[in-house]
Amino acid sequence: MPSLGNNRYTILCIDDNQNNLFTLNALLSTVSNIDSIEVLGAKEALHVLLIQHVDLILCDVQMPAINGFELAQMIKSNKKTKDIPIIFVTAVFKSDEFISKGFDIGAIDYITKPIDDNQLLNKITLYLKIFEQKDKVVQSEKRFYDIAQSIGDGIYTLDLENKITFINKEALALFGFRKNELVGKLIHDYIHYKDIDNKPILVKDCKVHKSIIDGCIYEDENEVLIRKDGSFLAVSIVSTPLYVDNVIVGSVVVFRDKTAQNKIEKLEHDKIKNQEQIILSMIDMIESRDSYTAGHTRRVAEYCVLIAKEMNYSEQDIELLKNAAWLHDIGKISTPDSVLLKPGKLDNTEYKLIQEHLNSGYEMLKNIDQYKVISNIMREHHEKYDGSGYPRGLKSDEIKPLSRIMIVADSFDAMTTNRVYKPRKSISVALKELESLSAIHYHSDVVSAALIALKDIKIDSNISQLPKNIMEEQRFSYFYKDRLTNLFIIEYLELVLRYYIHSDSAYMYNIELHNFSAFNKQFGWKKGDKYLIKFSEFINNLYKNCTVFRVEGDDFMILSEVKLENINSDISAYIDEKNSIVKYNISQELIKDIKNNTVDLMARFNI
């Protein structure tokens, strides 16, 4: 049997069968710090309980005259014995009967006969260890004064007359008194006799005293006590009624010098500020990777505020929503550049990767106290009313109210700004689309508010995902530049036609190199690649105001808003100069009404 510590325990065994008592005695005697008392029947048990201290009772249920349940009722009704735990020992266990009688009376457990030695000893061990813990609690109460002396807060206790019965060293140091100057004295004569306006505090108006009278806890973050020199001590204070046997005998007053608290608050403020700086730094990192995301974040925050105001949300909720909007794409910090910065449509794998920014942002912020609520709002900004959204497929009322607003604001911005693969919609068209998807993708009340709040806003028509500086151009080129020649690949044609050709017509020149396979066979692939690189540099430098594409292999295309009068002679001079076996063919075509013919033109190149 496991050790029970150094305490000794007395167990009272009650049965109407001497053999059963002998068995219990033999079993309990194997434990060194348990003393057992065996009695025949209930009457003898009651007699022992009146004169002997008992820690635990093992009681048979089926006994003549007074059975175990009846005896337990007597024990529990007596003030002296009511707290002694009882374990019933019975040959017949009926759970319904036991629950209705045994546990209602106050039994803590039961043992069925024949007795399993290990089971009995294990249960006794368990309960006696619990008693040991109770003893420790009693011991800890005795150490109250020692703890109170070492705690960082001021503590004093009062009796019913508001006299100080105990005060710790911290409180004495803060007040400037010696112990004998305060113990036994009325607090209203020494440390609590006036308020911050120097008005006297009467006992009947004192909230600390009321906590004794009313039995309520009194708390105040802005209380004042008085030092020995008469100066005020600004404190936060808690006065708690002190009970003995359910009767109030005084109160315990704990107070904290606000100077110390202010230091803690400053540390917490600095901690929050540092966390905010980290978050802002992460936002800056995202914006430095993708300037479009930066503008998108600001616009979504603006639209969220306008819609929330239209829906009469409180200033507190609007501020919360705005902050969530600022951070709603922070999870993109974990999105690969190849996906985040891709200017074209995403494939299925890339789309799944971009979706992960919601969970990434949530995981990033959920354990930071001031961002916990925000993390849940922003996590849902791609959910949809009908449950077809992501990441969790929430629908209808499962989506948080503030998230519903962000969903509409985010979608509206996507509709009204130019994407590489999709031109912007006008505000009126975008609002009609929101309306058409009301109660499908979006909550109807949010859409109704958006139709009013967003109808007169001004949006820069030049917003797009196109590069705005040299660094973005280099990132952009990663997707649309041929790795060998550094010319644009033909997929870039759609963007050129949409964003960079300003005339109604343009000239398209197709340059086809012939016999190149023979060149590769004669001189090798490396020289073939070098030839293509040099040829590409030549035409790219010669026609700097045009867009030059490598269509495939040894075929090239030049798109120009002006006619290239000398292109044949220029190319011919270069080919002849190289004295190469490579030949060429140039065809030209004037593409009219180019904006309306973009689809047909793209089809030629299987784009």
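These numbers come from the heavy atoms of this one structure, side chains and all, not from hydrogens, waters or symmetry mates.
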Aromatic ring proximity, centroids under 6.0 angstrom, F175 and F255: yes
In this structure, are over 12 heavy atoms from other groups packed under 6.0 Å from K425 atom NZ? yes
Are the side chain of S503 and the backbone of A506 linked by a donor-acceptor contact shorter than 3.5 Å? no
Does either side chain, that of D397 or that of H443, offer a donor lying less than 3.5 Å from an acceptor on the other one? no
How long is the gap from CD1 on I217 to OG on S239, to the nearest 0.5 Å? 9.0 Å
Output the distance between atom CD1 (I440) and atom CG (L434), rounded to the nearest 0.5 Å. 12.0 Å
Within a reach of under 6.0 Å around CG of N545, are more than 12 heavy atoms found that belong to other residues, nucleotides or ligands? no
Are F232 and R227 side-chain neighbours, meaning at least one heavy-atom pair lies under 4.5 Å? no
Mark yes or no for whether E223, through its side chain, and I237, through its backbone, hold a donor-acceptor pair below 3.5 Å. no
Check whether any side-chain heavy atom of R379 sits under 4.5 Å from a side-chain heavy atom of R392, and report yes or no. yes
Heavy atoms from other residues, nucleotides or ligands near NZ of K432 exceed 12 (cutoff 6.0 Å): no
Electrostatic pair K322-E319, nearest N-O below 4.0 angstrom: yes
Hey, is NZ on K228 packed in by over 12 heavy atoms from elsewhere, all under 6.0 Å? yes
Check whether any side-chain N or O of E380 sits under 3.5 Å from a backbone N or O of K400 as a donor-acceptor pair, and report yes or no. yes
Determine whether a donor-acceptor pair (N or O, by modelled atom type, separation under 3.5 Å) exists between the side chain of T157 and the backbone of F166. yes
Can you name the nearest heavy-atom pair linking I377 to S403, along with the distance? O-OG, 2.9 Å
Taking T416's backbone N and O only, do any of them form a donor-acceptor pair with R424's side chain (distance below 3.5 Å, no angle check)? yes
Taking C-beta and beyond as the side chain, do I407 and K384 meet within less than 4.5 Å on heavy atoms? no
Under a 3.5 Å distance rule, please check whether S436 uses its side chain to pair with a backbone N or O of E433 as donor and acceptor. yes
Does some side-chain heavy atom of F412 sit less than 4.5 Å from a side-chain heavy atom of L431? yes
Distance col, row I318:CD1 vs I307:CD1, nearest 0.5 angstrom, shows 11.5 Å
Atom CG in D205, atom NZ in K199: separation rounded to 0.5 Å? 11.5 Å
Is any side-chain heavy atom of K455 less than 4.5 Å from a side-chain heavy atom of I427? no
Find the distance between NE2 (H296) and NZ (K332) and round it off to the nearest 0.5 Å. 5.5 Å
Any side-chain heavy atom of C206 sitting closer than 4.5 Å to one from H188? yes
Heavy-atom check, side chain of I594 versus side chain of S505, under 4.5 Å: no
Measure up the F488 and F549 rings against each other and bin them: parallel (under 30°), tilted (30 to 60°), perpendicular (over 60°). tilted
Flag yes if more than 12 heavy atoms outside Y385 fall under 6.0 Å of its OH atom; otherwise flag no. no
For D197, does the CG atom have more than 12 heavy-atom neighbours from other residues, nucleotides or ligands under 6.0 Å away? yes
Can you check whether M378 reaches I330 side chain to side chain, under 4.5 Å on heavy atoms? yes
Say you draw a straight line from NZ of K309 to SG of C304; how long is it, rounded to the nearest 0.5 Å? 12.5 Å
Tabulate below the donor-acceptor pairs under 3.5 Å that side-chain atoms of residues 347-360 make, not counting sequence neighbours, or state none.
| unit_1 | atom_1 | unit_2 | atom_2 | d |
| --- | --- | --- | --- | --- |
| D347 | OD1 | T349 | N | 3.2 |
| D347 | OD1 | E350 | N | 2.7 |
| E350 | OE1 | K342 | NZ | 2.8 |
| E350 | OE1 | D347 | N | 2.9 |
| E350 | OE2 | K342 | NZ | 3.4 |
| H357 | ND1 | I354 | O | 2.5 |
| H357 | NE2 | D329 | OD1 | 3.2 |
| S360 | OG | S334 | OG | 3.1 |
| S360 | OG | E356 | O | 3.0 |

D153 (side chain) donor-acceptor with V254 (main chain) under 3.5 angstrom: no
Mark yes or no for whether N376, through its side chain, and K372, through its backbone, hold a donor-acceptor pair below 3.5 Å. yes
